[in-house]
Each structure stands twice: as C-alpha cells, then as structure tokens.
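First the structure, in the form of structure tokens, and then the observations on it.
Letters A, B, ... mirror the listed sequences (proteins, then strands); counts begin at 1.
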Amino acid sequence: MAETLKPYALLAEFETPADVMQAARAVRIAGFRRWDVHTPFPIHGMDGAMGIKNSKVGYFSFVGGVTGLTIGMSMIWFMNKYDYPIIVGGKPLFSPLFAFPVSYELTILLASFGTLLGMCFLNRLPKLYNPIFKSERFARASDDRFFVVIEASDPKFSAVETRKLLENLGSKNIELVED
Amino acid sequence: MAAPTHTHHGTPTLNVAAAPKELEREPLVLNNRSLSWITSTIAGIVEGNTPKWWWAFFIPSALVMSMCFGMIAYLISAGIGVWGLNQPVGWAWDITNFVFWIGIGHAGTLISAVLFLLRQKWRTSINRAAEAMTLFAVACAGIFPMIHVGRIWFAWWLFPLPNANSIWPQFRSPLLWDVFAVSTYGTVSLLFWYTGLVPDLATMRDRAKTKIRKFAYGLFALGWTGSNRHWSNYEKAYLLLAGISTPLVLSVHSIVSFDFAVSVVPGWHTTIFPPYFVAGAIFSGFGMVLTLMIPLRTVCKLHDLVTIRHIDLMCKVTMATGSIVGYAYAMEFFIAWYGGNPYELYAFKNRAFGPYWWAYWSMVSCNVICPQLFWFKAFRQNVVIVFIISIFVNIGMWFERFVIIVTSLHRDYLPSSWGYFSPTPVDILTFVGSFGLFLTLFLLFMRFLPMIAISEVKGVTPQADPHHPLGGAKEGHH
C-alpha cells in the first residue's frame with residue numbers, strides 16, 4: 001500500500017486573509033495552473049488575485065428559467081385548451097394572462113434548481129473523497145486558517161522549489177499530502 | 001478595537017486635528033471576537049450536551065404536535081363537520097391558519113434574499129434561523145389547505161397528474177395558482193437554505209469527533225473544501241438564488257391574496273390586496289423572528305452575535321411594515337366609501353361595528369397601534385418590551401386573516417342567509433397543535449444544525465477583510 005502513494009499536493013498554511021491573498025497573487029504570477037486557495041469564507045478580491053474568470057452559473061439558471069416558463073405555458077395550453085377544453089365563466093380556453101402565475105412559479109422553481117445543480121456541476125460536487133482531507137491541519141480551513149494548495153500534477157511543480165516559494169511567501173506550515 | 005482613522009496615511013500637509021472624525025460603525029460581532037470563537041460558539045450549541053431547557057421545551061411541543069395529528073386523524077375519519085364552518089362561512093379557521101403560517105414564512109426569505117441584495121450585512125446573524133422558520137411555517141401552512149378539502153384522499157387532484165377521469169386542473173382558478181405558488185415557495189426556500197448550509201456543514205464535519213457525525217455532516221457537506229474556485233461559483237449561485245427568491249417572495253403572498261381578490265365577494269374584491277398582503281406577511285414574519293430570536297440569544301448566550309443593534313433593526317422593519325398594513329386598513333375603508341358600492345360599504349361597516357367588532361379592533365390594536373412604540377429607541381432596545389410586542393404582532397396578524405375571511409363571508413347579500421361562525425374545540429386544538437409542530441421542528445433544527453450562518457458571519461468581521469489591519473493588512477498595502 002505504502003509504495004503506491006505518490007505526492008498529491010503541497011499545502012501551505014497562512015494566518016490572515018491579507019497574507020493568503022498576497023501569496024495567491026505570487027503563485028499566479030509564478031505561472032502555476034493546478035492550484036487553489038482554501039478559506040473558511042469567501043475573501044473579497046481573491047478571484048482577482050487568483051485570476052478566476054466570472055462564474056458561469058448564470059447560464060444554468062437561465063436555461064432552468066426558460067425551461068420552466070415553456071413547460072408552464074405549454075402544459076396549461078395542452079390541458080385546458082387542447083386535451084380537455086372546458087368553458088369556465090366565458091373566459092378564453094387559453095390566455096397567457098391566466099397562465100402567467102403558474103408559469104412564473106415554474107420559471108422560478110426550475111431556475112433555482114438550475115442554479116444549485118449548475119453550481120454543483122461547475123464545482124464537481126459532490127466529491128466525498130479528497131486527498132487533502134488527509135491533512136489534519138486542513139480541518140482548520142473551515143475554521144480560521146487559510147491554505148494555498150499547489151497540486152503535484154502541475155507542470156511547474158517541484159517538491160523543493162515550490163516549497164521554497166511558499167516558505168518565502170511567509171507560510172509557517174507546509175505539508176506534503178500524498179494520495 | 002482599532003478605529004480606522006486615516007492618520008497613518010501620513011500626509012503632513014493636512015491638518016489632522018481639523019479633519020472630520022470618521023464615524024465608527026457599530027460592529028456586527030461585539031467584543032472583537034476571533035474567527036475561531038465564532039466557529040466554536042455556534043458549532044458548540046450543536047456539539048454540547050443536550051441542555052435541560054431543550055427537553056423542557058421539546059417534550060411539551062412534541063405532545064402538542066401529537067394532538068395536532070390526532071385532531072387531523074379525527075377530522076379525516078369523521079368528516080369536515082367536526083369544524084365550526086358551514087354556510088355561509090365556508091372558509092374559517094382552516095384558511096385563516098393557512099394564510100397566517102404562510103405569512104410568517106415570508107420573513108425568512110425577505111431576510112435571506114431581499115436584505116442580501118440590499119447588502120444589509122446584519123442579516124448574517126439571523127438569516128439561518130429565519131430561513132428554518134420559513135420552512136417550518138410553510139410545513140404548518142401546507143397542512144390546512146390539504147385537510148380542508150374534506151375528502152383528503154382526492155387532494156392529489158390539485159396537481160396536474162393524469163387521473164382515471166381524464167380531466168385536468170382548471171388553471172383559471174387562483175386556488176390552483178396558490179398550489180403552485182406555495183409548493184414552489186417551499187421547495188425554493190429549502191434549496192436556498194441548503195445552499196447556505198453547505199459550508200457550515202463542512203465546518204461541522206471537520207470538527208466532528210464521532211464517526212457517525214463525521215459521516216452525516218460529511219455526506220450533506222458534499223465534500224466542500226472551502227476552495228476559492230468553488231466559492232466563486234458558490235457566491236454567484238447564492239446571489240442568483242437571492243435574485244430569484246426576491247420576486248418569488250413577493251409573488252407568493254400576492255397569489256395567496258388572489259384567492260380572495262379575484263372573487264367578487266365584497267370585502268375581498270379589492271386591488272390593494274397583493275401589496276397589503278405582502279407587507280402583512282413580512283410584518284408577521286419579523287414578529288415571529290423576534291419572538292424566536294430574543295429567548296434564543298439568551299439561552300444560547302449569543303449576545304455578541306445577535307446584538308441589540310440586530311433587534312433594533314428588526315423592530316424598525318416591523319414598524320415600517322406595520323404602518324403599511326395600517327395604511328392599507330384605512331385605504332380599504334376609504335375606497336369602500338369612495339367606490340360608492342353599497343355592498344362594499346356595508347361589508348366594511350359590518351367589519352368594524354358588526355358582530356365581529358372585537359376581532360377587528362383586536363387586529364387594529366395589535367397591528368397598527370402596538371408597533372408604533374418602536375418609534376422610540378428605548379422600546380426598540382428593551383428586549384422584554386420587544387418580545388411582548390412581537391407576541392402582539394403574531395396575535396394581530398392571525399386576527400387580520402380571521403377578520404378578512406370570516407367577516408366578509410358571514411353576511412351575504414340576503415339577510416335570510418346571514419350567519420355567525422364559532423370555532424369548535426377541534427378547530428382550536430388543530431390550530432394550537434400546529435404550533436407544536438412548528439416548535440418541534442425548530443427545536444430539532446437548533447439541536448442538529450448550526451443556527452447561525454458561521455461562514456457568513458465570519459465574512460462580515462474586520463478579521464475577514466484583507467484590507468483591514470485585523471485581516472492582516474500592513475501599512476502601505478491599502
């Protein structure tokens with residue numbers, strides 16, 4: 001078992017948001033690609049420091065919303081006008097006006113599902129096994145510590161040089177996680 | 001706390017003494033608590049031993065909840081005649097309770113979605129509990145329309161499902177719009193609540209001492225690592241859900257009001273109903289949030305997280321929405337007179353001075369007069385008075401729905417068909433029982449899930465700001 005373990009990533013711990021932000025900027029400038037910052041809460045400005053582009057979740061919400069509106073309108077047209085037409089109070093068999101409240105609710109319902117599922121898809125969640133959970137210190141990433149994680153699969157990764165870079169950035173605790 | 005003065009910018013040409021002093025904002029977390037204090041305080045409520053007071057509330061609540069289910073079983077087996085409603089009052093406590101509970105739910109979504117879009121950072125201390133309250137209130141609300149149909153085994157006909165008669169629901173009816181509005185509201189509130197919970201469930205997982213806890217929290221945390229690439233998508237999703245929930249919360253109570261406003265019954269057929277119902281819903285919801293949060297912050301010692309400022313701000317929202325409701329009551333009377341419809345005018349005279357005058361004036365005293373005390377800071381910052389007023393708000397808003405429903409129905413166009421509704425013990429015990437259901441669910445929530453959004457509260461502290469000295473910012477790095 002022990003022989004099959006190979007390095008997965010270097011974890012560098014930082015104590016303040018400002019330190020981890022500065023480190024993130026330096027790691028991006030150094031040209032790494034497979035790396036991340038782990039924080040207990042979203043840090044304002046970190047996307048810019050890491051060079052992350054605007055999230056694409058909105059497309060999933062939009063597709064969900066359009067689907068909901070289409071389903072609502074066509075369902076009501078099919079049920080009340082086409083499949084079982086029945087005159088009530090002399091009103092038209094179909095009108096987008098009376099069909100609106102239900103279609104509107106379905107727009108919102110499916111847009112919400114689109115948003116949540118889209119977020120999970122873009123983040124590749126759920127992912128219940130993750131090698132970084134092997135680090136005991138990493139439990140504090142959801143409490144009060146900030147981590148820069150550089151994966152060993154990054155083309156620029158080198159066990160010695162990368163560790164030196166992270167040390168120079170002020171990390172007091174650097175740990176190699178194996179998988 | 002280090003006041004963020006600008007003296008360290010070091011511009012010697014400026015007369016520093018003459019510069020206006022920067023007004024310090026009251027902090028959202030008092031006593032300059034550290035990030036790990038926030039984690040362990042909130043998670044500690046769930047991780048510690050079950051306190052005695054919890055059992056003292058839980059056991060009676062669970063018994064009252066059982067009574068609710070017992071009454072429902074009796075209603076289903078005996079038939080709707082065990083309730084006091086009959087011609088001409090065909091809707092009474094059932095729909096009153098439904099609108100009451102669904103209204104209470106609205107504060108949760110307002111706090112989590114509308115205040116988020118308005119960048120009201122104080123929402124972070126109360127949004128989780130308020131959203132949980134929303135879910136449980138919607139669960140209580142959902143019971144009443146379901147059981148009031150009489151033959152409950154046909155309740156599934158409310159949904160557009162194929163059935164043996166090959167007929168479909170009639171989508172021109174506002175009652176059907178309501179089915180979609182309430183079920184969408186319940187579902188989207190659950191999604192929003194769960195999305196907010198994911199990072200905190202990860203915190204609970206990382207702190208778990210036993211295997212079962214680690215597995216249970218870990219499963220629902222989806223493997224969350226706090227990755228910033230994930231936060232980026234997460235924050236966008238949260239913003240979108242808030243944007244989606246805002247029109248939702250406004251639409252749900254508007255559609256509930258259509259149940260009445262689209263009919264031609266005098267007293268119901270008014271265009272003011274949608275905004276008036278929405279304001280009333282937010283009013284009653286904030287009343288309930290105050291009723292729950294004031295005792296909770298004391299027993300769980302959360303004074304540094306749910307501060308007097310939070311209570312003060314909630315009181316202001318309560319007062320504002322209470323005043324809108326009072327304006328709507330007055331406007332209904334004005335239009336009844338100005339509209340020149342004798343039936344409409346009669347319905348309103350009868351409402352205030354007819355046989356149900358006591359319900360009308362209870363409503364006005366609780367909803368319009370009582371919250372006006374919140375103009376005064378001394379009242380807003382006295383938790384005992386705020387708690388008492390919040391109870392009055394809850395009572396008043398129940399009476400509002402009772403007044404709208406029962407007084408409009410009990411006197412028809414023909415005096416020969418007039419009547420007077422009185423509830424039966426089954427009516428009363430079912431309603432009281434629904435509080436048991438609500439409290440049982442809420443107590444279970446606070447025992448097993450973090451009651452305050454841990455990661456969100458951290459995010460609004462100065463320690464979380466990389467440009468603040470407490471967040472590690474060095475001079476010259478601004």
Compare every heavy atom of A:Pro101 with every heavy atom of B:Ile255, then report the nearest pair and how far apart it is.
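Shortest heavy-atom separation between B:Ile255 and A:Pro101 comes out as CD1-CB, 3.9 Å.
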Specify the closest pair of heavy atoms between A:Tyr104 and B:Pro247, including all atoms of both residues, with the distance to one decimal.
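Smallest interatomic distance, heavy atoms only, reads OH-CB, 2.9 Å.
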Most chain A-contacting option - heavy-atom pairs closer than 4.5 Å, from B:Ser455, B:Ser251, B:Gly459:
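Most heavy-atom pairs within the cutoff with chain A belong to B:Ser251.
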Closest-packed option against chain A by number of heavy-atom pairs under 4.5 Å, given B:Ser183, B:Pro160, B:Pro199
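Ranked by heavy-atom pairs under 4.5 Å with chain A, first place is B:Pro160.
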Side chain, backbone, both or neither: which part of [X] has a heavy atom under 4.5 Å from chain B?
X	answer
A:Met21	side chain
A:Trp77	neither
A:Phe133	side chain
A:Phe94	neither
A:Met50	side chain
A:Pro85	neither

Do the side chain of [X] and the main chain of [Y] share a donor and acceptor less than 3.5 angstrom apart?
X	Y	value
B:Arg229	A:Trp35	yes
A:Asp143	B:Ile38	no
B:Arg207	A:Arg140	no
A:Ser55	B:Lys236	no
B:Trp177	A:Phe100	no

Would you tell me whether A:Asn80 and B:Trp168 have side-chain atoms, one donor and one acceptor, within less than 3.5 Å of each other?
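Judged by distance alone, the side chains do not pair up.
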Say whether A:Asp47 and B:Ser232, considering side chains only, have a donor N or O and an acceptor N or O under 3.5 Å apart.
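A pair is found: one side chain offers a donor N or O, the other an acceptor, under 3.5 Å apart.
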Which donor-acceptor pairs under 3.5 Å do the side chains of residues 213-222 of chain B make with protein atoms, sequence neighbours left out?
from: B:Lys214; atom 1: NZ; to: B:Arg205; atom 2: O; distance (Å): 3.3
from: B:Tyr217; atom 1: OH; to: B:Phe448; atom 2: O; distance (Å): 2.7

Shorter than 4.5 Å, heavy atoms on both sides: which option in [options] has the most such pairs with chain B?
options	result
A:Thr107, A:Ile43, A:Val57, A:Asn54	A:Val57
A:Thr39, A:Asp83, A:Val20, A:Ile52	A:Thr39
A:Ile86, A:Leu109, A:Asp36, A:Thr16	A:Asp36
A:Ala141, A:Ala139, A:Gly89	A:Ala139

To the nearest 0.5 Å, how far apart are CZ in A:Phe146 and CG in B:Asn228?
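The CZ atom of A:Phe146 sits 11.5 Å away from the CG atom of B:Asn228.
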Do any side-chain atoms of residues 111-132 of chain A form donor-acceptor pairs under 3.5 angstrom with protein atoms, and if so which ones, sequence neighbours left out?
from: A:Ser112; atom 1: OG; to: A:Ile108; atom 2: O; distance (Å): 2.8
from: A:Thr115; atom 1: OG1; to: A:Ser61; atom 2: OG; distance (Å): 2.8
from: A:Thr115; atom 1: OG1; to: A:Ala111; atom 2: O; distance (Å): 2.7
from: A:Asn123; atom 1: OD1; to: B:Asn233; atom 2: ND2; distance (Å): 2.7
from: A:Asn123; atom 1: ND2; to: B:His230; atom 2: O; distance (Å): 3.4
from: A:Arg124; atom 1: NH1; to: A:Phe121; atom 2: O; distance (Å): 2.6
from: A:Tyr129; atom 1: OH; to: A:Lys134; atom 2: NZ; distance (Å): 3.4
from: A:Tyr129; atom 1: OH; to: A:Asp179; atom 2: OD1; distance (Å): 2.7
from: A:Asn130; atom 1: OD1; to: A:Ile132; atom 2: N; distance (Å): 3.3

Under 4.5 Å from any heavy atom of chain A - which part of B:Glu456:
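Contact with chain A: none, neither part.
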Side chain from CB out, backbone as N, CA, C, O: work out which of these in B:Leu248 comes under 4.5 Å of a heavy atom of chain A, or both, or neither.
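Both parts, backbone and side chain.
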CD1 (A:Ile29) with more than 12 external heavy atoms under 6.0 Å
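Correct, the count exceeds 12.
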